[in-house]
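Heads up: the structure comes next, in C-alpha cells.
Source: prediction; values computed, not measured. All ligand and atom numbering here is 1-based and tracks the order in the structure. By convention here, the first residue in the shown sequence is residue 1.
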Amino acid sequence: MKILGVSGHYHDSAAALLVDGAPVASVQEERLSRRKNDASFPLKAIDWCLESAGLEPEDLDAVVFYERPMLKFERILVTALRAFPRGRKAFAHAMENSLSEKLWVRGLITAHLGVSPNKVLFTEHHQSHAAAAFLTAPTREAAILTADGVGEWATLTVGTGSRGPGQPTRIMLERELRFPHSLGMLYSTFTAYLGFAVNEGEYKVMGLAAYGRPTYADAVRRIVRRTSDGAFALDLAYFEFHTTVARSYSQKFVEVFGPPVDPYQSIDLTTADGRRFADIAASVQLVLEEIMVDLARQLRRTTGLPDLCLGGGVALNGVANARILAESGFERLFVPPAPGDAGCALGAALYADRIHFGNPDRELPDHPFWGPELEEEVLARLALEDGLATRTLSDERLIEEVARELAAGRVVGWMDGRTELGPRALGHRSILAAPHEAAMRERLNRDIKYREEFRPFAPVVPVEAAEQFFELPPGGARLARHMSGVFKVRPAWRAALAAVTHVDGTARLQTLDREMAPRLYDLLLAYGRLSGAPVLLNTSFNLAGEPIVNRVAEGYSTFRRSQIDLLVAGAALLAKPSLARAQMEETAA
Ligand SMILES: [Fe+2]
C-alpha cells in the first residue's frame with residue numbers, strides 16, 4: 001500500500017511517502033523551496049517524494065492530510081465570535097486565510113495530484129503528532145503526551161499506544177486540553193514579548209533562560225493557573241492571541257512584566273533590562289518544565305507504563321525533556337527527530353496505514369534520513385566553474401584529513417547521504433568544528449551563523465563515550481539520540497569543551513550510534529585520537545535566516561558566502577583557496 005502524508009498551511013509544511021508500511025521518503029518544503037519554515041501547500045515536497053520512489057499520483061492508495069480543516073475553521077470561527085466585536089480583525093484575517101484555500105484541502109489535493117476525492121483522508125492534528133512519536137519509536141507499548149500551540153482545538157493530549165505482531169495498532173488519546181489553554185501558546189507569547197519570531201525563536205528563549213534567574217516564576221504561575229484535575233488554564237486577561245493577530249499579550253501582561261523587547265534591538269545582557277528579559281525567560285521556562293513534569297508524572301501513575309513518547313512542538317524543549325526523564329518516573333523517553341508539524345506528514349501517513357487501514361505493525365528504521373540523497377559528483381562541476389579543484393578521497397584518507405583540519409581549528413561543512421527530516425542536523429548536513437575554545441563559538445556566531453551570543457552550540461559524541469563527558473541519567477543517551485535533551489557537561493570537561501558548554505554548564509548533545517551515520521562516527525574517533533576527546537561541535541549547515549542546506553549546490557553556495565574553510569560532500573573535498581594554498585606550502589616544506 002502506498003500512502004502519502006501531507007502537513008502544511010500553518011507552519012513548516014512537509015510530505016512523507018509510506019510504501020508497505022515503511023517510510024521511503026520525507027522532506028520539508030523549506031528544504032526544496034529554500035524559504036525557511038515554508039508553510040505553503042508542499043507541492044515540491046510531494047513531487048520529490050513521488051519522483052524519488054518512481055510513483056505517479058494515481059499509484060497512491062491514499063493521501064492523508066495531518067489535520068481536519070473544518071474543525072480548525074470551527075475553532076477560529078467560534079473563538080472570533082466569542083471575542084466579538086474585539087475579535088473582528090482576527091476573524092477577518094482567519095477567513096481570508098482559511099477560505100482562500102486552506103479550508104478546501106480535499107479539493108486542493110484532488111486538483112493538484114489528480115487523485116480521486118475518496119482517496120483523501122484526514123487525521124486529527126494531535127493524532128498525527130502522537131503517531132509520529134509512538135509509531136517511529138522502538139517501543140511496543142507506551143504512554144503518549146503531545147503538546148503544541150494549537151491544531152484544531154486540542155493543544156495537549158495524553159493517552160497510550162500499543163502495537164506488535166499479530167495485534168491491531170492502537171493509539172488512544174484519552175484526555176485533551178483545548179484552545180486557548182495551550183503551553184505552546186504560553187511559550188510563544190513570551191517568545192514574541194522577548195522580540196523573537198514566533199514558531200521559530202522559541203529555542204532562543206530556552207537559550208536565554210540559562211542567563212537568568214526565575215524571579216518572575218510566581219507571576220507566570222498566576223497567569224497559567226493549575227486546575228484541580230491536574231491540568232492548567234491560562235488567565236486570558238493576560239493574552240490577546242485569541243482575539244487579535246496584532247499582538248499575543250495584553251496590556252495587563254505588560255503591567256506585570258514591564259515593557260517588551262524592542263524587536264529591532266538585540267537583548268544586551270549587561271543592562272538591567274537585558275537581565276530582566278533573561279529572568280523572564282528563565283521564569284517561563286521553569287513553569288513550562290514544572291507543568292510538563294507534573295503531567296508526565298500523572299501519566300506515569302495512571303498508565304503504569306515505563307515508556308513515554310513525546311510529540312508536538314513543545315517536545316523540542318530539551319531542558320524540559322531532560323527534567324521529564326529525570327523526575328516523572330518514566331524509564332525511557334522517546335522524542336522523534338521531527339516532533340513538530342513537519343513530522344506530522346509522516347505521523348498522518350503512519351496513522352492511516354496502521355489504524356485506518358489496519359495494516360500490520362512493522363519496526364521502522366531508527367533514523368531521520370528520509371530526504372534527498374546527496375549528489376556528490378555535482379561539487380566538482382560547481383567548483384570547477386569557479387576555478388577551484390575538488391579532491392576525491394577514500395573514506396579512510398578523507399576522515400584522517402578532515403580530523404586533522406578540525407584539530408587545526410578549521411571549520412568544516414559536512415554533507416553526507418540523505419537530508420534529515422526535522423529541525424536538527426544530525427550528521428548529514430552539519431557544520432563541524434573543534435569544541436574546545438570559547439573563541440570558536442564566537443567565531444562561528446560572528447563569521448558563519450551571524451546569530452545571538454546566547455544561543456549555545458551543540459556537541460556530538462559517540463554514544464559509547466558520552467558518559468565520560470556528560471552527566472546522563474538512565475535513558476539519557478537515548479533521549480540525546482535526536483538531540484532532544486539538555487544535560488550537564490561533567491565539570492572536569494567544561495573548560496576543555498567551552499565552545500559547546502552553555503553558560504549554565506549544560507549541552508544539548510547528540511549521542512551518535514555508528515549505524516546511524518558511520519562516516520561522522522569514524523570522524524569523531526579519528527578526531528578523538530588527535531585531540532584526546534571524540535567530541536565535535538555540530539551545528540546545522542545553514543546561515544542565519546536560511547533553511548538547512550539540502551543539495552550540494554546549497555552547501556557550496558553557503559561555503560562560498562561564509563568563512564567555512566572546508567567543504568565535504570560524500571567523498572569529495574574542497575578547501576577555500578587560501579587554505580588550499582597553505583596546505584600546498586605545508587606539503588612543499
Ligand atoms: Fe502541531
Side-chain angles (χ1 to χ4, degrees), residues 5-16 26 28-30 37-42 45 64-76 79 94 97-98 102 105 122-136 144-159 171 173 175-189 191 197-203 241-242 248 288 292 295 309-317 320-321 334-352 421-424 482 484:
V6 176
S7 70
H9 277 165
Y10 176 57
H11 176 255
D12 226 0
S13 302
S26 185
Q28 284 148 264
E29 186 73 357
E30 63 157 32
N37 301 128
D38 196 340
S40 53
F41 191 78
V64 195
F65 194 66
Y66 80 127
E67 61 181 15
R68 297 185 187 277
M70 280 311 274
L71 268 181
K72 185 170 188 162
F73 181 68
E74 179 199 79
R75 187 252 304 161
I76 292 166
T79 311
N97 273 303
S98 296
K102 293 180 185 180
V105 173
F122 297 88
T123 51
E124 280 176 28
H125 190 106
H126 280 257
Q127 285 174 337
S128 307
H129 276 314
F134 173 60
L135 297 176
T136 62
I144 300 173
L145 198 171
T146 65
D148 68 356
V150 63
E152 297 97 352
W153 280 101
T155 65
L156 187 144
T157 69
V158 292
I171 291 180
L173 299 178
R175 290 179 66 195
E176 67 174 33
L177 265 171
R178 296 187 136 211
F179 186 85
H181 305 292
S182 160
L183 283 181
M185 286 294 190
L186 172 77
Y187 210 82
S188 294
T189 297
T191 303
V198 166
N199 278 332
E200 154 169 18
E202 279 73 6
Y203 56 94
F241 63 78
H242 55 300
S248 46
L288 176 94
M292 287 296 282
L295 290 167
C309 295
L310 203 57
V314 176
L316 288 166
N317 195 305
N321 294 349
F334 298 105
V335 178
D341 287 359
C344 281
L346 183 57
L350 285 167
Y351 193 93
L421 177 67
R424 279 155 191 170
H482 303 138
S484 305

Could you count the protein N, O or S atoms found under 2.8 Å away from the Fe ion (ligand 1)?
4
Specify the closest pair of heavy atoms between Ser13 and Pro42, including all atoms of both residues, with the distance to one decimal.
CB-CB, 3.9 Å
Nearest heavy-atom pair of Ala345 and Ala16: which atoms, and what distance?
C-CB, 3.8 Å
Among Thr146, Asp148, Thr157, Thr123, which residue satisfies the side-chain hydrogen bond (donor to acceptor under 3.5 Å, both in side chains) criterion with His129?
Asp148
Assess, by modelled atom type and distance only, whether the side chains of Ser188 and Glu202 contain a donor and an acceptor separated by less than 3.5 Å.
yes
Classify the ring geometry between His9 and Phe41 as parallel (under 30°), tilted (30 to 60°) or perpendicular (over 60°).
tilted
Given Leu350, which partner from the list Leu135, Ile171, Val64 fulfils the side-chain contact (heavy atoms from CB on, under 4.5 Å) test?
Leu135
